[in-house]
There are 2 protein chains.
Amino acid sequence: MANVETKQLTEAQDRFVAAWGKMGTAWGISRTMAEVHALLYITGEPLCTDDVMERLQISRGNASMSLRALLEWGIVERVHRRGDRKEYFQAEQDVWVLFRAIVRERMKREVDPMRASLYEIRDLTEDRVSKDAKDPALVAHNKRLDSMLEFLETMEKMSASFVSPAGRGLQAAAKILGFVGGGRAEPRPSSPGGSTPDSEREAG
Amino acid sequence: MANVETKQLTEAQDRFVAAWGKMGTAWGISRTMAEVHALLYITGEPLCTDDVMERLQISRGNASMSLRALLEWGIVERVHRRGDRKEYFQAEQDVWVLFRAIVRERMKREVDPMRASLYEIRDLTEDRVSKDAKDPALVAHNKRLDSMLEFLETMEKMSASFVSPAGRGLQAAAKILGFVGGGRAEPRPSSPGGSTPDSEREAG
DNA sequence: CAGAAGTTTCAGAAGAAATTGAAAACATCG
DNA sequence: CGATGTTTTCAATTTCTTCTGAAACTTCTG
C-alpha cells in the first residue's frame with residue numbers, strides 16, 4: 001500500500017501546520033488557532049472537532065474555541081453531512097479570498113478603533129489651535145496626528161477597495177503588473193493556474 | 001503661562017502613546033516597544049534613554065532594549081548632541097517611510113522564512129508526484145502548497161516594489177487612484193499636505 | 001420526555017513573554 | 001590611567017496569554 005507516501009504526506013502536513021502556527025504568533029494570532037487553520041487548509045477536506053483534537057493533540061475546549069474564532073474570521077465554514085450529527089469544518093481554499101478576509105478583519109478590529117482614538121485625541125487640543133494658533137508645539141503635535149490620521153484613512157480606503165464584493169483590486173493589480181505567474185525559475189511541476197483554482201466554490 | 005495647554009498636550013500625547021501601544025500588541029510587537037516609538041513620533045524631537053524611562057515609567061533595561069529594537073527596524077535613529085555624551089533618539093516622521101520600513105522588516109522576518117519552509121515541505125513529497133502522479137491526495141496537497149507559495153511570492157514581489165529605493169509604488173498608486181486627500185467630509189483644519197512632508201531623510 | 005450525541009463555557013493550571021534591576025562592559029575625559 | 005557617566009546584558013521575577021478538563025448546556029432521536 002501507499003504507506004510510505006501516506007507517512008510522507010502526514011509529515012509534510014505536520015510541518016506545514018507547525019510553520020503556519022509559528023507565523024501566526026508573530027501576527028498576534030494564537031498558535032493553536034493558526035495551527036487549526038493550517039490543518040484545515042492543507043487537508044482540504046472537512047474535519048470534525050475530534051479530528052482536530054486528535055491530530056493536533058489539543059483539548060476539546062481549545063479546539064472548540066479555535067474553530068469558532070476561525071468561523072468569526074470568516075476563513076472557515078461549517079459543513080454538515082447527511083445522516084451525521086457532527087459538525088465538520090472546512091477552510092477557505094482560495095488564498096486570495098483568505099487574504100482579503102484577513103485584511104478585512106484586521107482593519108475592522110485594529111485600524112478602525114485606532115482611527116477613532118486618533119480623532120478623539122486630536123479633539124483634546126484642536127479647538128485651541130484653530131482659535132489662535134500660537135503654541136508651536138501644539139501645532140506641530142497636531143500636524144503629526146493629522147499625518148497619521150490621513151495615512152490610516154488612505155489605508156482604509158485602499159483596503160476597502162480590495163475587499164469589496166467586486167473587489168479583487170489587489171489581485172487584479174498583481175496580475176496586470178505582472179507579479180503573478182512564472183517569475184523566478186523555480187521548478188514548479190504542476191498546476192499552472194494554482195493561485196486561483198476554479199475548482200473552488202466561494203466561501204459563505 | 002501656557003500651563004493649561006501644556007497639560008492638554010501631555011495628556012493627548014499620553015493617549016496617543018497608549019493607543020499605539022495597544023495596537024502594537026495586536027501585531028506581535030511588544031507594548032513597550034510600540035509605546036516608545038509612539039512617544040518619539042508624537043514628540044518629534046530627540047529624546048534620551050532617561051527621558052523615555054521617566055515619561056513611560058519603565059526600567060532602564062527595558063528602555064534600552066526597546067530603543068535598540070526600534071533602531072534595528074530602521075524607524076528610529078540615533079542623534080548626537082555636541083558636548084553631550086548621551087545618545088538621543090528620534091523617530092522617522094514621514095508615515096509612508098515608516099510604513100515601508102515596517103513592511104520591509106516584516107517581510108524579511110516572517111514571510112521569507114515561511115516561504116523557505118514551504119519549499120522544503122513541498123520537497124518532502126514532490127519527486128514522488130512528478131515521477132508518477134498516482135496518489136490523488138498527494139497531488140491535491142501539493143496543489144494547495146503551490147497556491148500558497150505562489151501567493152507568498154506575489155506578495156514578496158509586490159512589497160519589494162513598494163519598498164525599493166525609488167519605490168513609492170503604493171503611495172503613488174494611492175494618489176493616482178484618488179485615495180489620498182479630502183475624502184469624507186471630516187473637519188480637518190490644517191496641514192493640507194500632511195501625509196508626505198518633504199522633510200524626510202530615509203531612515204537607516 | 002428521557003437519553004444520547006455533540007458543543008460551549010470557564011475557573012484554574014500551565015506556559016510564554018515582558019520587565020526589572022543590578023552588575024558588567026564600554027566610552028570619554030582630564 | 002583612573003574617575004565618571006552611559007549603555008548593555010541577563011537571571012529572576014512579574015505579568016499576561018493560552019490551554020485544559022470537567023460541568024453545563026443545546027439539540028436531536030426514538
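First the proteins, then the strands, lettered A, B, ... as listed; each starts at 1. Treat the numbers as computed from the prediction; the structure is a model and nothing was measured.
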Length of the line joining [X]:[atom1] and [N]:[atom2], which is rounded to integer Å:
X     : N      : atom1 : atom2 : result
B:I29 : C:dA18 : CD1   : P     : 11 Å
A:R78 : C:dT8  : CZ    : C1'   : 11 Å
B:L56 : C:dT20 : CG    : C1'   : 15 Å
A:N62 : C:dG15 : CG    : P     : 14 Å

Does A:T154 form a side-chain contact (heavy atoms from CB on, under 4.5 Å) with B:W96? I'd like the steps, not just the answer.
CA-CA 11 Å; A:T154 301; B:W96 284 92; 4.1 Å; yes
Looking at C:dT7, C:dT9, C:dA18, which one has an atom nearest to any side-chain atom of A:E87?
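For the A:E87 side chain, the nearest candidate turns out to be C:dT7.
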Looking at C:dT8, C:dA27, C:dT20, which one has an atom nearest to any side-chain atom of B:R85?
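When the side chain of B:R85 is considered, C:dA27 is the closest of C:dT8, C:dA27, C:dT20.
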Take A:S64 and B:G61, find for each the nucleotide of DNA chain C with the closest heavy atom, and name the residue whose nucleotide sits nearer the 5' end.
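The answer here is A:S64.
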Specify the residue among A:R31 and A:Y88 whose closest nucleotide of DNA chain C lies further upstream toward the 5′ end.
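So the residue in question is A:Y88.
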Need two values: the first and the last nucleotide of DNA chain D, 5' to 3', having an atom under 4.0 Å from any heavy-atom of chain A.
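First-to-last contact on DNA chain D, by the 4.0 Å heavy-atom rule, is D:dT18 to D:dT29.
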So A:S30, base contact, sugar-phosphate only, or nothing? Heavy-atom distance under 4.0 Å.
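The residue A:S30 makes sugar-phosphate contact but no base contact.
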Just to be sure I understand the rule, does B:R68 reach a base, reach only the sugar-phosphate, or reach nothing, if contact means heavy atoms closer than 4.0 Å?
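Sugar-phosphate, no base atom in range.
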Quick one, B:E72 with B:E105, criterion side-chain contact (heavy atoms from CB on, under 4.5 Å). Give me CA distance, side-chain angles, the key distance, then yes/no.
CA-CA 9 Å; B:E72 269 161 31; B:E105 283 299 309; over 6 Å; no
In sequence, state the C-alpha distance, the side-chain angles, and the governing distance for A:R55 and A:D14, and then conclude on side-chain contact (heavy atoms from CB on, under 4.5 Å).
CA-CA 9 Å; A:R55 185 74 186 269; A:D14 285 351; 3.2 Å; yes
Measure up the A:H37 and A:Y41 rings against each other and bin them: parallel (under 30°), tilted (30 to 60°), perpendicular (over 60°).
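Plane angle under 30°, so parallel.
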Mind checking whether B:F16 and B:W20 have parallel, tilted or perpendicular rings, split at 30° and 60°?
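Plane angle under 30°, so parallel.
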Could you please spell out the steps behind the side-chain contact (heavy atoms from CB on, under 4.5 Å) verdict for B:W73 and B:R109?
CA-CA 11 Å; B:W73 275 70; B:R109 287 163 200 237; 3.4 Å; yes
